[in-house]
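Structure, as structure tokens:
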Amino acid sequence: MCGIAGSLHLQGGTVDPLRLRKMIAAIHHRGPDDTGIYVDGPVGLAHARLSIIDLSGGHQPMAIANDSLWITFNGEIFNFRELRNKFLQHVTFHSTSDTEVLLNLYILLGKECLNQLNGFFAFAVYDRQTQQIFLARDRYGIKPLLIYSDEEKIVFASELKALLAFS
């Protein structure tokens, strides 16, 4: 189990890293092995990691493609090795994590990557070039993804107490 959190300011402005730290601290029990924060102007991603796959190389939020795509991911992709062999033979990987496979699959297939995934998951992918966030969770909601939005922002997290810590 891991914990994810983040926000996107829709009217410009900058994400306060302290708010992200409060959010991820509220769900630290979901991932006591490592935490990470990423802020890029109006976007912030946070992660609390429970190390299961690739114990040393799976730090998140994770970036690829010259830091143009970022992900915070909670879950497990059971068929990540098969996906890597089927779709991503040309990619040079820097870890053995399912997170890196997922992010590369997103580059290749976009939102259609969801049709290839066998597992349970909730994740956010941030594209720095388009300044858009793609949020997704597994079909059955095994891994929770709670979302709050208003005219000014979108805030998401693995648990309600992380959303409440944003304020």
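The basis for the numbers below is simple: all heavy atoms, side chains too, and nothing from hydrogens, waters or symmetry mates.
Checked by atom type and distance alone, the side chain of Thr72 never pairs as donor or acceptor with a backbone atom of Ala124 at under 3.5 Å.
Val101 and Ile71 end up in the same hydrophobic cluster when Ile, Leu, Val, Met, Phe, Trp and Tyr side chains are linked at under 4.5 Å. Under the 4.5 Å side-chain heavy-atom criterion for ILVMFWY residues, no single connected hydrophobic cluster contains both Leu135 and Leu163. Phe156 and Leu20 are members of different hydrophobic clusters when ILVMFWY side chains are connected at heavy-atom separations under 4.5 Å. Ile142 and Phe121 fall into different hydrophobic clusters, where Ile, Leu, Val, Met, Phe, Trp and Tyr are joined by side-chain heavy atoms under 4.5 Å apart, directly or via other members. Both Leu83 and Leu88 sit in one connected hydrophobic cluster of ILVMFWY residues. Membership requires side-chain heavy atoms under 4.5 Å apart, directly or through other members.
Side-chain contact between Leu105 and Leu117 is present, with heavy atoms from C-beta onward closer than 4.5 Å. Side-chain contact check for Ile133 versus Val43: some heavy-atom pair is nearer than 4.5 Å. The shortest distance between side-chain heavy atoms of Ser97 and Met62 falls below 4.5 Å. Using a 4.5 Å heavy-atom threshold, the side chains of Glu82 and Asn118 count as separate. Put simply, the side chain of Glu151 does not reach to within 4.5 Å of the side chain of Leu10, judged on heavy atoms. Using a 4.5 Å heavy-atom cutoff, the side chains of Leu114 and Phe134 are in contact. You'll find the side chain of Arg19 stays beyond 4.5 Å of the side chain of Ser7, heavy atoms only.
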Would Asp98 and Phe73 count as a side chain to side chain contact (heavy atoms under 4.5 Å, CB included) if you check the C-alpha gap in whole Å, the side-chain angles of each, and the deciding distance to 0.1 Å?
CA-CA 9 Å; Asp98 53 352; Phe73 165 66; 3.7 Å; yes
Check the pair Phe123, Thr99 against side chain to side chain contact (heavy atoms under 4.5 Å, CB included), reporting the backbone distance first and the verdict last.
CA-CA 10 Å; Phe123 65 88; Thr99 307; over 6 Å; no
Under the criterion side chain to side chain contact (heavy atoms under 4.5 Å, CB included), I'd like the reasoning laid out for Leu145 against Ile4: C-alpha separation, chi angles, the key distance, then a yes or no.
CA-CA 8 Å; Leu145 181 64; Ile4 65 172; 4.0 Å; yes
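In this structure, CD on Glu76 lies 5.0 Å from CZ on Phe120, to the nearest 0.5 angstrom.
For residues 123-150, every residue pair satisfying the salt bridge (Lys or Arg N to Asp or Glu O under 4.0 Å) rule, not counting sequence neighbours, is listed here: Asp40-Arg128, Asp150-Lys153. Sorted pairs that involve residues 113-125 and meet salt bridge (Lys or Arg N to Asp or Glu O under 4.0 Å), not counting sequence neighbours, are lacking altogether. The stretch residues 102-122 participates, sequence neighbours left out, in no salt bridge (Lys or Arg N to Asp or Glu O under 4.0 Å) pair at all.
By the 30° and 60° cut-offs, the orientation of the rings of Tyr38 relative to Tyr126 is tilted.
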